[in-house]
Amino acid sequence: MNDMIELNKSVTGGGVWIGLQRTSVNKWQWSSGDPELYLNWGSGQTNGSDCGYMSNGKCYNCSCSTLLPFICNNMSTGLVLVNQMKNWRDAQSYCRQNHIDLVSVRNQNESQQIQKFISDRQLSGSWVWIGLFRDSWQWSDQSDSSFRYWRSDQPNNNGGNENCAVIRPKDQGQWHDFSCNNQFPFVCHEDKLILIKENRTWPEALRYCRQHHVDLVSVHSVKIQRRVMNVVKEASTAEVWLGLRHSRILGIWYWVSGDTVCYQNWASGNGSDCENTGRSGAVQSGGVWISLPETDKLNFICSRYQE
């Protein structure tokens, strides 16, 4: 939504193309952008509804306009049950405004944890929204962003060929679907992060980024972490260098931008080792950070903008 607010400030007129297009693939995905790798479907899920809920540990789908309680993720407290009756989109907006997002169920362990969480609150057998939805819209940069800002009556696919998305400033920037043959102004962007598919030590990666771009990437927020997760999928090494460094003298981790580490996403057992050898921070394909010797040779992510 922050991106949408900034975009609204820079556009005028009747409509402006954005990089969202309908495809022939109607796929299930998580609101958080996590890859859909595990779905424990209940029986009889053959209807065309596009939003997912959980009941008795199984995933089901129903109309997105159904009013249900829902579960959010929170960075500090973990799972949060919101016992308010909302449709799926309103539940998603609530979680994003007040917590992080609707909960993802990425493996059997998480499925069991969420089912226990529901049972402990005496809602066994109830229908509860989770962050599972299906649509055929994809971003032209191939990002996993699940953010949607459609007007309430959109997308309506009027005429059967409205396969491209336009923002309408007169509708507070809400989105409409239009035929891709229409002509509108459009907005381009340059990725703020770039993956360098060269294997270098951490000091070599730092020097490269500062010579050719701005710096090794610093991850200060969930928003930047999500961008990093999108970029790291294309890496040719299992880990990728971040601009994260450990000071043996001060005993702290810090970003090369000069900031200490506030937002954290360490893997278990990482982030506290203070060995004599230089340690630097990297990100794994799943998004968690790990501590590695600075002499390891990895791909790395450069930032293209000055913070």
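For the single chain, residues carry numbers from 1 onward in sequence order.
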Does the side chain of [X] pick up a donor-acceptor pair with the side chain of [Y] at under 3.5 Å?
X      : Y      : value
Thr201 : Thr295 : no
Ser49  : Asn61  : no
Gln29  : Asp135 : yes

**OP:** Answer yes or no for Cys51 and Cys62: SG-SG distance under 2.5 Å.
**Re:**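 Not so, these two cysteines form no disulfide.
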**OP:** Check whether more than 12 heavy atoms from other residues, nucleotides or ligands sit under 6.0 Å from atom CD of Glu110, and answer yes or no.
**Re:**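 Enclosed.
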Original post:
Are more than 12 heavy atoms from other residues, nucleotides or ligands located less than 6.0 Å from atom CD of Gln183?
Top reply: no
Without swapping roles, check the side chain of [X] against the backbone of [Y] for a donor-acceptor pair under 3.5 Å.
X      : Y      : answer
Trp202 : Leu242 : yes
Gln92  : Trp88  : no
Thr237 : Glu239 : yes
Ser111 : Asn107 : no
Trp129 : Lys86  : yes
Lys197 : Glu234 : yes
Asp50  : Phe133 : no
Asn299 : Ser236 : yes
Thr66  : Ser63  : yes

Any chain of hydrophobic side-chain contacts (each under 4.5 Å) joining [X] to [Y]?
X      : Y      : answer
Val228 : Trp255 : yes
Trp41  : Met54  : yes
Val187 : Ile5   : yes
Leu20  : Val11  : yes
Phe186 : Val166 : yes

**OP:** From the options Ile114, Val82, Leu102, select the one residue that forms a side chain to side chain contact (heavy atoms under 4.5 Å, CB included) with Ile71.
**Re:** Ile114
Subject >> Among Ile194, Val217, Ile196, side chain to side chain contact (heavy atoms under 4.5 Å, CB included) partner for Phe300 >> reply: Ile196
Subject >> Any residue meeting side-chain contact (heavy atoms from CB on, under 4.5 Å) with Asp215, in chain and number order, not counting sequence neighbours >> reply: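 Listed in chain order: Leu206, Arg210, Val256.
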Original post:
Who are the salt bridge (charged side-chain N to carboxylate O under 4.0 Å, His left out) partners of Arg227, not counting sequence neighbours?
Top reply: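 For Arg227 the salt bridge (charged side-chain N to carboxylate O under 4.0 Å, His left out) partners, ignoring immediate neighbours, are Asp3.
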Original post:
Got Leu195 and Val240 here, is their nearest side-chain heavy-atom distance under 4.5 Å?
Top reply: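 Yes - at least one pair of side-chain heavy atoms lies under 4.5 Å apart.
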**OP:** With the side chain counted from C-beta on, respond yes when Gln225 and Trp289 share a heavy-atom pair under 4.5 Å apart, and no when they do not.
**Re:**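 Side chain of Gln225 against side chain of Trp289, heavy atoms only: contact under 4.5 Å found.
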Which heavy atom of [X] sits nearest to which heavy atom of [Y], and what is that distance?
X      : Y      : result
Gly15  : Phe184 : O-CD2, 3.6 Å
Trp150 : Ala165 : CH2-CB, 4.0 Å
Thr23  : Gln138 : OG1-NE2, 3.8 Å
Leu39  : Cys59  : CD2-SG, 4.4 Å
Trp137 : Asn163 : CZ3-O, 3.5 Å
Trp139 : Arg148 : NE1-NH1, 3.5 Å

**OP:** Using the six-membered ring of Trp241, assess whether NZ or CZ of Arg200 lies under 6.0 Å from its centre and within 45 degrees of the ring axis.
**Re:** no
**OP:** Assess Arg121 against Phe117: is NZ or CZ under 6.0 Å from the centre of the six-membered ring, and within 45 degrees of the ring's axis?
**Re:**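 Yes, Arg121 sits over the ring of Phe117.
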With a 3.5 Å cut-off and sequence neighbours excluded, list the donor-acceptor pairs that the side chains of residues 170-179 form with protein atoms.
from, atom 1, to, atom 2, distance (Å)
Asp171, OD2, Arg151, NH1, 3.3
Asp171, OD2, His176, NE2, 2.7
Asp177, OD1, Asn156, N, 3.3
Asp177, OD2, Arg22, NH2, 3.4
Asp177, OD2, Asn156, N, 3.2
Asp177, OD2, Asn157, N, 2.7
Ser179, OG, Asn181, N, 3.3

**OP:** Determine, step by step, whether Ser31 and Arg96 satisfy the side chain to side chain donor-acceptor pair (under 3.5 Å) criterion, reporting the C-alpha distance in whole Å, the side-chain angles of both residues, the deciding distance to 0.1 Å, and the verdict.
**Re:** CA-CA 10 Å; Ser31 176; Arg96 289 178 170 181; 3.2 Å; yes
Subject >> Carboxylate-amine/guanidinium contact Arg245 Glu294, below 4.0 Å >> reply: yes
**OP:** Measure the spacing between CG of Leu216 and SG of Cys209 and express it to the nearest 0.5 Å.
**Re:**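 With rounding to 0.5 Å, CG (Leu216) is 4.0 Å from SG (Cys209).
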**OP:** Begin from the C-alpha positions of Val103 and Leu79 and carry the test side-chain contact (heavy atoms from CB on, under 4.5 Å) through to its verdict.
**Re:** CA-CA 8 Å; Val103 67; Leu79 301 178; 3.6 Å; yes
